*Asks:* 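The structure under discussion is supplied below as structure tokens; questions concerning it will follow.
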Number of protein chains: 2
Amino acid sequence: MAAVSRQTVSNAVNSPHLVRADTLERVRAVIAQVGYRPHRAARTLRTRRSHLLAVPLQPPTDTIGGSVLDQFLHSLTVHAQAQDNRVLLFAAEDDDREIALYDELLDDHDVDAFVLTGTHRNDRRTEWLAGRGAVFVTFGRPWGADAHHGWVDVDGAAGTFAATMDLIERGHRRLAFLGWPDGSGVGDDRRFGFDRACAQAGISITGWRLSVVNELAAGRAAGAQLLDADEPPTAIVCVSDTLALGVWTELTARRLQPGRDVAVVGFDDTPTAAVIGLSSVAQPLNEAAMACLRMLTDVLSDPADGPPDPVLLEPRLTSRASSG
Amino acid sequence: MAAVSRQTVSNAVNSPHLVRADTLERVRAVIAQVGYRPHRAARTLRTRRSHLLAVPLQPPTDTIGGSVLDQFLHSLTVHAQAQDNRVLLFAAEDDDREIALYDELLDDHDVDAFVLTGTHRNDRRTEWLAGRGAVFVTFGRPWGADAHHGWVDVDGAAGTFAATMDLIERGHRRLAFLGWPDGSGVGDDRRFGFDRACAQAGISITGWRLSVVNELAAGRAAGAQLLDADEPPTAIVCVSDTLALGVWTELTARRLQPGRDVAVVGFDDTPTAAVIGLSSVAQPLNEAAMACLRMLTDVLSDPADGPPDPVLLEPRLTSRASSG
DNA sequence: GTGAAAGCGCTAACAT
DNA sequence: ATGTTAGCGCTTTCAC
């Protein structure tokens with residue numbers, strides 16, 4: 001026994017500076033010896049802090065890009081754990097139901113903060129959370145509206161810029177971009193990087209910018225269309241691995257070899273890309289998760305400050321056989 | 001106000017049968033009106049039940065099969081939520097560290113139960129949990145040892161049996177199986193279904209059973225080896241979508257069309273398979289998640305009973321272009 | 001069937 | 001710097 005009051009133990013754990021050094025040491029020794037660990041529910045009840053981070057799980061999509069959030073979530077879990085926080089999952093079918101869950105999570109579980117993914121235009125979720133005064137970060141920019149909250153995102157334009165520049169340096173001059181229809185935020189951003197690289201290199205891109213939905217078949221059809229043009233492109237930058245895989249499929253069907261005959265680059269660096277040798281732009285998901293956590297820690301420790309500065313991370317081009 | 005004691009409210013919520021009907025109705029009306037919801041930490045502190053399910057997150061792999069656990073986790077979250085339970089994530093680098101976390105989760109968070117995935121031979125985790133008397137289920141059989149716990153799994157052999165039979169019915173007689181090296185449990189099980197189907201149809205498989213690691217390049221090389229045989233197979237059943245994709249790659253490189261020239265079937269029905277038109281065996285992940293939850297509910301409500309009966313679910317063959 | 005008392009394990013506030 | 005008191009919100013137990 002350390003022969004001290006319960007309170008001194010609490011102080012030793014939570015506010016070591018209040019305890020004299022030798023007492024602290026003695027208490028810590030006993031804590032280690034008996035393996036004492038404070039009970040979370042009791043602590044939460046008293047402090048209104050649960051050390052829980054709530055994360056909404058997106059419904060799994062049937063595209064190959066699903067693994068992106070998977071990696072982010074894993075990283076978030078690992079690093080939250082290292083700070084004595086845990087990740088609590090929830091799932092909602094639409095924004096309204098998700099908001100109802102926020103309310104419940106906040107009231108019942110005393111959840112400390114939220115990490116949202118998949119932000120979109122006119123996202124009512126962020127509005128609601130901000131209005132309620134909840135602590136949260138989004139992985140993804142607040143497209144459209146001004147940010148009244150902290151966010152972390154990956155600079156998609158920088159990614160496609162790097163990919164396009166790489167192709168130009170490899171000698172390509174007839175470049176195409178295969179993107180998503182206008183208005184998707186992420187898609188517009190990525191196209192912008194391509195445009196900027198071409199402009200900088202003085203390359204015209206008339207007629208070589210196609211927009212299709214994010215499905216392999218659509219990518220394949222678009223690839224066919226590009227290849228059938230009078231002066232077909234020698235390199236195709238794609239907004240996603242799914243579309244790149246579509247182009248890939250069309251190339252191999254025509255007995256053309258990706259990389260040797262026509263260069264293809266995707267985006268997201270999914271396992272599929274790695275597996276088939278498709279060059280792709282990789283998001284730094286570990287860094288993104290850590291930036292989210294750092295931001296939350298800052299806000300939680302100093303709630304008075306305004307929204308924290310956003311963090312925009314640079315993606316990294318992974319060159320594989322399909323770059324030529 | 002309902003003008004009743006705090007206790008009556010508690011009873012109305014937790015033990016409605018103790019409260020007279022009209023009182024119950026009155027209390028419920030007020031609860032709905034003021035939006036009262038009990039505070040979880042307080043309840044947990046009193047009852048030692050957190051309504052939390054802890055799930056270890058596997059590190060993301062670089063194979064296309066990662067989405068399988070993703071879907072399972074989503075389903076688990078959705079259905080747990082419907083029963084007023086939540087999913088708490090954690091991550092560990094190895095079994096020993098994972099066990100240390102169990103201990104912490106049990107003591108500090110009063111976690112009600114665990115759902116483990118990725119069971120393997122001599123899994124110390126299940127031993128430890130059983131020894132500690134914790135409630136848990138595994139998604140995955142207890143390979144090797146006898147089961148002293150509830151488990152849910154998918155009948156891999158039935159999946160490859162169905163896939164093989166389907167090919168036989170389509171007229172194939174020269175069938176090959178591309179599997180993993182012996183001893184992996186899951187892999188052995190899936191190979192067994194192929195063997196059984198061939199035996200049942202009186203088909204010899206000498207020389208057409210290859211085992212390689214789960215990588216695209218390995219699958220491709222194995223595919224090449226099979227195609228170069230004196231009498232090459234007309235159909236190849238693969239233990240995974242990754243290996244099937246390897247075979248696919250080799251086929252298209254040889255200007256052979258999967259399905260028309262040689263049939264290929266994978267396992268796990270990953271998004272990649274759907275996207276490229278690869279036939280594959282799909283695990284019923286929704287059912288698996290629900291079975292896990294049902295099992296846990298049973299054990300939690302009646303801890304006295306022995307381990308519950310295991311559940312073995314039938315997978316479903318999804319035929320696409322690659323079946324011919 | 002309903003109410004009152006006690007206490008789960010912890011920490012904020014205050015007293016020493 | 002340490003100890004004491006009170007109370008977070010709930011439910012188990014017991015009295016009525």
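Predicted model only: the values in this text are computed from it and were never measured. Convention: sequence-line order gives letters A, B, ...; per-chain numbering from 1. Only heavy atoms go into these numbers, but all of them, side chains included; no hydrogens, no water, no symmetry mates.
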*Asks:* Is a donor on one side and an acceptor on the other found under 3.5 Å between the side chain of Asp112(B) and the backbone of Ser50(B)?
*Replies:* yes
*Asks:* Mark yes when over 12 heavy atoms from residues, nucleotides or ligands other than Asp302(B) sit less than 6.0 Å from its CG; otherwise mark no.
*Replies:* yes
*Asks:* Is it true that Glu287(A) and Arg316(A) have a side-chain N and a carboxylate O under 4.0 angstrom from each other?
*Replies:* no
*Asks:* Taking atom C1' of dC8(C) as reference, at what distance in whole Å does atom CG of Asp107(B) sit?
*Replies:* 15 Å
*Asks:* Verify the contact: side-chain N or O of Thr8(B) to OP1 or OP2 of dT2(C), cut-off strictly under 4.0 Å; return yes or no.
*Replies:* no
*Asks:* Could you tell me whether Thr23(A) contacts a base, only the sugar-phosphate backbone, or nothing, with contacts defined as non-hydrogen atoms closer than 4.0 Å?
*Replies:* sugar-phosphate
*Asks:* His51(A) NE2 to dG9(C) C1': how many Å, rounded?
*Replies:* 15 Å
*Asks:* Nearest-Å distance, CG (Leu24(A)) to C1' (dT2(D))?
*Replies:* 13 Å
*Asks:* Donor-acceptor pair, Thr44(A) side chain versus Arg49(A) backbone, under 3.5 Å?
*Replies:* yes
*Asks:* Report the C-alpha distance between Arg124(A) and Asp95(A) in whole Å, list the side-chain angles of each, state the deciding distance to 0.1 Å, and finish with yes or no for salt bridge (Lys or Arg N to Asp or Glu O under 4.0 Å).
*Replies:* CA-CA 7 Å; Arg124(A) 286 209 307 298; Asp95(A) 282 7; 5.2 Å; no
*Asks:* Enumerate, in order of first residue number, the stems that involve DNA chain C, defined as 3 or more consecutive Watson-Crick or G-U wobble pairs with both distances under 3.5 Å.
*Replies:* C:1-16 with D:1-16
*Asks:* Would you kindly give the CG-to-P distance between Leu18(B) and dG3(C), to the nearest whole Å?
*Replies:* 13 Å
*Asks:* Only counting residues at least two apart or in another chain, list the ones meeting ring-ring contact (aromatic ring centres under 6.0 Å, His included) with His39(A).
*Replies:* none
*Asks:* Within the side chain of Ser75(A), is there an N or O that forms a donor-acceptor pair under 3.5 Å with the backbone of Gln71(A)?
*Replies:* no
*Asks:* For the pair Asp103(A) and Arg132(A), find out whether any cationic side-chain nitrogen is under 4.0 Å from an anionic carboxylate oxygen.
*Replies:* yes
*Asks:* I need a per-nucleotide contact map over nucleotides 8-16 of chain D, read 5' to 3'. Cutoff is protein heavy atoms under 4.0 Å; write B for the base, S for backbone only, - otherwise.
*Replies:* BBBBB----
